[in-house]
Novice: 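The structure that follows is given in the form of structure tokens.
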Amino acid sequence: MKSQVWIGKKRLKKPLIQGGMGIGVSLSGLAGAVAKEGGVGTISAAQIGFLQPEFEQNPVLANLKAMEEELQKARKIAPDGILGFNIMVAMNHYETYVRKAVETGADFIVSGAGLPLELPAMVSDTDIAIAPIVSSARATALILKYWEKKYHRYPDFIVIEGPEAGGHLGFSRKQLEEKMDYDMEISEILKLVRAYEKKAERKIPVAVGGGICDKARAEHEFMLGADLIQVASRFITTKECDADSAYKDAYLKAQKEDIVLVSSPVGMPGRAIRNPFLEHVEKGEVQRPQKCFGCLKHCNPAEIPYCITEALIHAVKGDTENGLLFCGAQGFLANQIETVQDVMEDLLGGL
């Protein structure tokens, strides 16, 4: 590691944060394993309570209960590790989940799928580290300026998610289809953050993610100036990943042409593995929700082509024919089940 990186009050041993993957893909098993190896383990709070018995009747209560349980289980795996939550701005009850993360004793919150402009107010008088997920210099400038002016607060770290990431993406579909040169944007964001470091009078670590599949790609991001990398898809085909084995098998079977852009009810484009479910969506066949879980702020069940909660739960439970399998652009390169330790050594060995 080029220099010491701190996530809040804890010093990072290895310059890697595992990206949050919902629903249920990055829970205590994966996050705990990454933290045990010296990285940053991220539990996805998105509908985290889907396995709780009360989820159908009271999803918010189930999610809050599961947040506490999953963090406790991850702490048992990595008692001294860095563990926290990814909480999407687009989620209903966003502030409730943020406050629960604080209550559980999480080390950090990363937040994207929207601009977490009011996040500092929700964690005031606590020592939890907070980090926005950004994809453009424009969004970064807006958050930094807003937090500074309104809350006299600066991010504890920042995550840049590039156009090759999986899941929801902070780009227009046109930008993604044009295959933009993203290195320039990363450099602009880093320049902006470094200027704010002078105001904050401290380091603001920056993680870069999206399409990091091997050591060469990791080295490239460090060369650009990243303090750490964010990796998600590469961890799906690990023994410790919390998804069903059929979910992992879908990654192993995927070819490059199977990884496609999709439209999400969240209102953002995403990237996923083509399967019968997506083929129905692409044909315009509407799959009305069987039940609304009230998961997203701007979602009208009468207008959406499918329920993202139902689709993601089907997938993570192993019904890969009828579920949504989010995937990074390089996900097709997975060819074996590994361990978290294997992946981290492959990406960071010698760095």
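What you see below is based on every heavy atom in this structure, not just the backbone, and it leaves out hydrogens, waters and symmetry mates. Quantities reported herein were computed from a predicted structural model and do not represent experimental measurements. Throughout, residue positions are numbered sequentially from 1 according to the sequence presented.
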Novice: Could you tell me the separation between the OG atom of Ser26 and the CD atom of Glu70, rounded to the nearest 0.5 Å?
Specialist: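 The distance works out to 10.0 Å.
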Novice: Look at Arg274 together with Glu257 and state whether they make a salt bridge at an N to O cut-off of under 4.0 Å.
Specialist: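 Judged by the 4.0 Å cut-off on N to carboxylate O distance, Arg274 and Glu257 do not form a salt bridge.
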Novice: Which residue pairs satisfy the ring-ring contact (aromatic ring centres under 6.0 Å, His included) criterion with at least one member in residues 20-62, sequence neighbours excluded?
Specialist: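 Non-adjacent pairs meeting ring-ring contact (aromatic ring centres under 6.0 Å, His included): Phe55-Phe293.
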Novice: Do Tyr94 and Ser111 pair up side chain to side chain, a donor and an acceptor below 3.5 Å, judged on atom types alone?
Specialist: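 Yes, because at least one side-chain N or O of Tyr94 sits under 3.5 Å from a partner of the opposite role on Ser111.
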Novice: Tell me whether Met184 at atom CE has more than 12 heavy atoms from other residues, nucleotides or ligands lying less than 6.0 Å away.
Specialist: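 Atom CE in Met184 is not packed in, count stays at 12 or less.
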Novice: Would Lys199 count as a cation-pi partner of Tyr196, with NZ or CZ less than 6.0 Å from the six-membered ring centre and within 45° of the ring normal?
Specialist: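 The answer is yes, since Lys199 meets both limits relative to Tyr196.
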Novice: Could you check whether any side-chain heavy atom of Ile212 comes within less than 4.5 Å of a side-chain heavy atom of Arg234, counting everything from C-beta outward?
Specialist: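 Contact flag for Ile212/Arg234 side chains = no.
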Novice: Under 30°, 30 to 60°, or over 60°: which ring-plane class applies to Tyr97 and His93, parallel, tilted or perpendicular?
Specialist: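 Tyr97 vs His93 ring planes: perpendicular.
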Novice: Do the non-hydrogen side-chain atoms of Phe108 and Thr42 ever get within less than 4.5 Å of each other?
Specialist: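 Touching, per the 4.5 Å side-chain cut-off.
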Novice: Give a yes or no on this: more than 12 heavy atoms of other residues, nucleotides or ligands lie within 6.0 Å of atom NZ of Lys191.
Specialist: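 Atom NZ in Lys191 is not crowded, with 12 or fewer foreign heavy atoms closer than 6.0 Å.
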Novice: So, are Lys215 and Asp346 salt-bridged, with charged N and O less than 4.0 Å apart?
Specialist: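 No salt bridge links Lys215 with Asp346.
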Novice: One thing to verify: whether Arg194 and Glu197 come together as a salt bridge, which I'm taking to mean a side-chain N less than 4.0 angstrom from a carboxylate O.
Specialist: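 Between Arg194 and Glu197 there is a salt bridge, with a charged N closer than 4.0 Å to a carboxylate O.
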Novice: Using a strict threshold of under 4.0 Å (side-chain N to carboxylate O), is an ion pair present between Glu54 and Lys65?
Specialist: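 A salt bridge is present here (some side-chain N lies under 4.0 Å from a carboxylate O).
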Novice: Got Pro15 and Leu348 here, is their nearest side-chain heavy-atom distance under 4.5 Å?
Specialist: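 With C-beta onward as the side chain, the pair touches.
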Novice: Salt bridge or not between Arg173 and Glu177? Use side-chain N to carboxylate O under 4.0 Å.
Specialist: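 Salt bridge flag = yes for Glu177 with Arg173.
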Novice: So, are Glu69 and Lys73 salt-bridged, with charged N and O less than 4.0 Å apart?
Specialist: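 The answer is no: the pair does not qualify as a salt bridge.
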Novice: Taking atom types as modelled and ignoring hydrogens, do the side chains of Glu118 and Tyr146 form a donor-acceptor contact shorter than 3.5 angstrom?
Specialist: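 Present: a donor and an acceptor within the cut-off.
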Novice: With Tyr154, which residues qualify under side-chain hydrogen bond (donor to acceptor under 3.5 Å, both in side chains), at least two apart?
Specialist: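 Applying side-chain hydrogen bond (donor to acceptor under 3.5 Å, both in side chains) to Tyr154 gives Glu148.
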Novice: Is Lys10 salt-bridged to Asp80, going by a charged N under 4.0 Å from an acidic O?
Specialist: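 No salt bridge links Lys10 with Asp80.
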Novice: What residues form a salt bridge (charged side-chain N to carboxylate O under 4.0 Å, His left out) with Glu221, not counting sequence neighbours?
Specialist: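 Arg217.
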Novice: Spell out, as yes or no, whether a donor-acceptor pair under 3.5 Å connects the side chain of Glu310 to the backbone of Lys291.
Specialist: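 Present.
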Novice: Under 6.0 Å between ring centres: does that hold for Phe277 and His314?
Specialist: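 No.
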Novice: Closer than 3.5 angstrom, by distance alone: can the side chain of Asp183 be matched with the main-chain N or O of Leu224 as a donor-acceptor pair?
Specialist: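 No; zero donor-acceptor contacts below 3.5 Å.
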Novice: Kindly indicate whether the side chain of Asn322, heavy atoms from C-beta on, has any atom under 4.5 Å from the side chain of Asn275.
Specialist: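 No, every pair of side-chain atoms sits at 4.5 Å or beyond.
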Novice: Between Gln18 and Gln230, is any side-chain donor less than 3.5 angstrom from a side-chain acceptor?
Specialist: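 Note: Gln18 and Gln230 side chains miss the donor-acceptor criterion.
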Novice: Do side-chain atoms of Asp319 reach the backbone of Ala315 as a donor and acceptor pair under 3.5 angstrom?
Specialist: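 Not a single qualifying donor-acceptor pair exists.
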Novice: I'd like to know if Asp107 pairs up with Arg75 as an ion pair, taking the criterion as any Lys NZ or Arg NE/NH1/NH2 lying under 4.0 Å from an Asp or Glu carboxylate oxygen.
Specialist: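 Salt bridge present between Asp107 and Arg75.
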Novice: Is the backbone of Leu296 close enough, under 3.5 Å, to the side chain of Asn92 for a donor and an acceptor to pair up by distance?
Specialist: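 Confirmed, Asn92 side chain pairs with Leu296 backbone.
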